[in-house]
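Single-structure report; data block below.
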Amino acid sequence: MKRTFRLLLIGLLGFASACRLAMERPLRASGYLEAQTIDIIAVEGGRVLQVWVEEGDAVQAGQRLMELDPALLDAQIRIAEAQVAQARAALDALEAGPREEEVREAMALVDQAQALRDGAYQAWKDALAMLREPQELRMQQAIAAAQARAAQARLEQAVAMKDIAEILKNRAEAVIRNREHLPPNLRPPLPVEVLDAPYAYWGAWAEVNRTGAAYDGSRALQDYLDAVVRDPLTLRTQVVEAEGRYRAAEAALEAAQARLAALRAGATPEQREAARARLRQAEAALEALKARQERYVLQAPQEGIVASRAAEPGELVAPGTRVMQLMDLRILTLTVYVPETALGRVRPGMRVPVIIEGFPGERFEGLITHVAEEAAFTPRHVQTQEERAHLTFAVRIRLENPEGRLKPGMPADVEVP
């Protein structure tokens, strides 16, 4: 019994010594260096005009990286500028009031509309009279036939006079040709009737055209009245159409009178405010378009190294596309995992030595910036102390790299006392 107790005591003392030695040994953890990456996003879409950097180039904050074609935006800006100018001109016109020329023009339009209205009214009344009094219609038919015959006679007379004038013109031209064959000193002076023959001929032609037009008009009126006498329904249709033209002319007159009255009264405060609002809206739209111009030249938000380039000159990129990626090598991050049993030995703000394989015999100082709150690599069922030893927690360590000696991807080891 004493022997068994002695052996148990020795075992417990050995276990305690082993735990103490384990706690006194440095904690070692390994990982890989990582750099912060910055995505360069094309907020606007378009064709790539120029790329100024290559992969691996070092860039400074504000340096130009890529330029997109702003042709579509430039066209939209020109349209917006025209809309601003139009809105400003409309506001200036309202503020200045109506011009005298505009008032006179409006008055002339009122007079014209009134004349059209009166003419349409008279035509409507005439059509009604013919519909209600057939005897009057037949009288107008007879008058129109007589006028057509008279116009035909005048046309025939004009044609005959034209033929005579043509004969005289031809004779005059023959006299002129014969005179041209004589020597200049023997040429007699031309009579007045020879000189006037071409003008008389063209005047006769003009009279033929005039009397022909008058004859066509009288014949058209005669044909219309003949058709109305044969079919009174046509006249009823004409009455309806004449009334419609009168109503339309009356509405046009009212509109012209209202415009004249509005010009004389000037713009109301509400109209002026609405014009100012339209101008402000157009100016805001223009400023919004101009603010987008700087988005077509992509710049580096900070210094770094070009890690990747996803667009080449001539390619089309859609809005929201990542066209480039930068790496910031000034500060690197090392992420290691420590077991739960050693979690009490690390804390944020602690400085720890870091060993890099590429720099034998040299140690770098790292700063613990974060210790994970939750375990990683956790077994599905944790029941025993041995299994709990497999729980690990991520620890993030920051390393200053002002000279850029350290590179992302390098393996590194951390020793925690």
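Just so you know, these numbers use all the heavy atoms, side chains as well, and skip hydrogens, waters and symmetry mates.
- In this structure, the side chain of Glu156 does not engage the main chain of Ala153 through any donor-acceptor pair within 3.5 Å.
- Put simply, the side chain of Val59 reaches to within 4.5 Å of the side chain of Leu326, judged on heavy atoms.
- The shortest heavy-atom contact between Leu332 and Ala35 is CD2-CB, 3.7 Å.
- Between Met324 and Val51, some side-chain heavy-atom pair lies under the 4.5 Å cut-off.
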**Message:** Does Trp205 form a side-chain contact (heavy atoms from CB on, under 4.5 Å) with Met161? I'd like the steps, not just the answer.
**Reply:** CA-CA 9 Å; Trp205 255 118; Met161 295 301 296; over 6 Å; no
Cut-off 3.5 Å, no hydrogens considered: what does the side-chain donor-acceptor table look like for residues 288-296, sequence neighbours left out?
| unit_1 | atom_1 | unit_2 | atom_2 | d |
| --- | --- | --- | --- | --- |
| Arg292 | NE | Glu44 | OE2 | 3.0 |
| Arg292 | NH2 | Glu44 | OE1 | 3.0 |
| Arg295 | NH1 | Glu44 | OE2 | 3.0 |

**Asked** Step by step, would you call Glu55 with Ser308 a side-chain contact (heavy atoms from CB on, under 4.5 Å)?
**Response** CA-CA 6 Å; Glu55 292 184 0; Ser308 63; 4.2 Å; yes
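- In this structure, Asp111 contributes its side chain and Ala108 its backbone to no donor-acceptor pair below 3.5 Å.
- Counting heavy atoms from C-beta on, the side chains of Ile305 and Asp57 never come closer than 4.5 Å.
- The side-chain heavy atoms of Val338 and Leu343, taken from C-beta on, include a pair separated by under 4.5 Å.
- Among all heavy-atom pairs drawn from Leu65 and Gln299, the shortest one is CD1-C, 3.8 Å.
- Pairs passing the side chain to side chain donor-acceptor pair (under 3.5 Å) check and including a residue from residues 394-412, sequence neighbours excluded, read Glu362-Arg405.
- Contact detail for Leu367 and Gly349: the closest heavy-atom pair is CD1-O, 3.4 Å.
- Under the 3.5 Å distance criterion, the side-chain polar atoms of Asp69 are matched with a main-chain donor or acceptor of Ala71.
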**Asked** Between Phe393 and Glu374, does a side-chain contact (heavy atoms from CB on, under 4.5 Å) hold up when you go through it step by step?
**Response** CA-CA 7 Å; Phe393 290 79; Glu374 297 182 359; 5.6 Å; no
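- Within the model, atoms CZ of Arg363 and CG of Asp413 stand 10.0 Å from one another, a figure rounded to the nearest 0.5 Å.
- The line from CZ of Arg247 to CZ of Arg117 is 11.0 Å long, rounded to the nearest 0.5 Å.
- Here Glu273 pairs with Arg280 in a salt bridge; the nearest charged N to carboxylate O distance falls below 4.0 Å.
- Closest approach of Ala172 and Ala197 over heavy atoms only: CB-CB, 3.6 Å.
- Between Ile38 and Pro301, the closest side-chain pair of non-hydrogen atoms falls below 4.5 Å.
- Rounding to the nearest 0.5 Å places OG1 of Thr333 at 8.0 Å from CD of Gln36.
- Rounded to the nearest 0.5 angstrom, Gln281 CD and Leu286 CG are separated by 12.5 Å.
- With a 4.5 Å cut-off on side-chain heavy atoms, Met107 and Leu260 count as touching.
- Annotation: Arg347, atom CZ; neighbour count of heavy atoms from other residues, nucleotides and ligands within 6.0 Å does not exceed 12.
- Applying the ring pair (Phe, Tyr, Trp, His ring centres under 6.0 Å) criterion to Tyr215, with sequence neighbours excluded, gives no partner residue.
- Of all heavy-atom pairs between Glu415 and Val352, the closest is O-CB, 4.2 Å.
- Separation of atoms OH (Tyr201) and CD1 (Ile167) is listed at 11.0 Å; rounding is to 0.5 Å.
- Within 6.0 Å of the CZ atom in Arg276, the count of heavy atoms belonging to other residues, nucleotides or ligands exceeds 12.
- With respect to Glu283, the side chain to side chain contact (heavy atoms under 4.5 Å, CB included) criterion is satisfied by exactly one of Glu81, Gln83, Arg88: Arg88.
- Contact annotation: the side chain of Leu406 approaches that of Leu399 to within less than 4.5 Å [non-hydrogen atoms, C-beta and beyond].
- A tilted orientation is assigned to the rings of Tyr246 and Tyr121, their planes being inclined by 30° to 60°.
- Under the 4.0 Å criterion applied to side-chain N and carboxylate O atoms, Glu365 and Arg351 are assigned as salt-bridge partners.
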**Asked** Does the side-chain contact (heavy atoms from CB on, under 4.5 Å) test come out yes or no for Leu68 and Arg47, once each step is laid out?
**Response** CA-CA 6 Å; Leu68 303 178; Arg47 187 179 302 276; over 6 Å; no
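- Taking the side chain as every heavy atom from C-beta outward, Ser30 and Val414 never approach each other to under 4.5 Å.
- For the atom pair Trp52 CH2 and Leu298 CG, the distance stands at 9.0 Å (nearest 0.5 Å).
- The minimum heavy-atom distance linking Glu303 with Asp328 is given by the pair O-OD1, 4.1 Å.
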**Prompt:** When you look at Arg154 and Glu207, which way does the salt bridge (Lys or Arg N to Asp or Glu O under 4.0 Å) test go after all the steps?
**Reply:** CA-CA 9 Å; Arg154 287 192 294 271; Glu207 182 65 16; over 6 Å; no
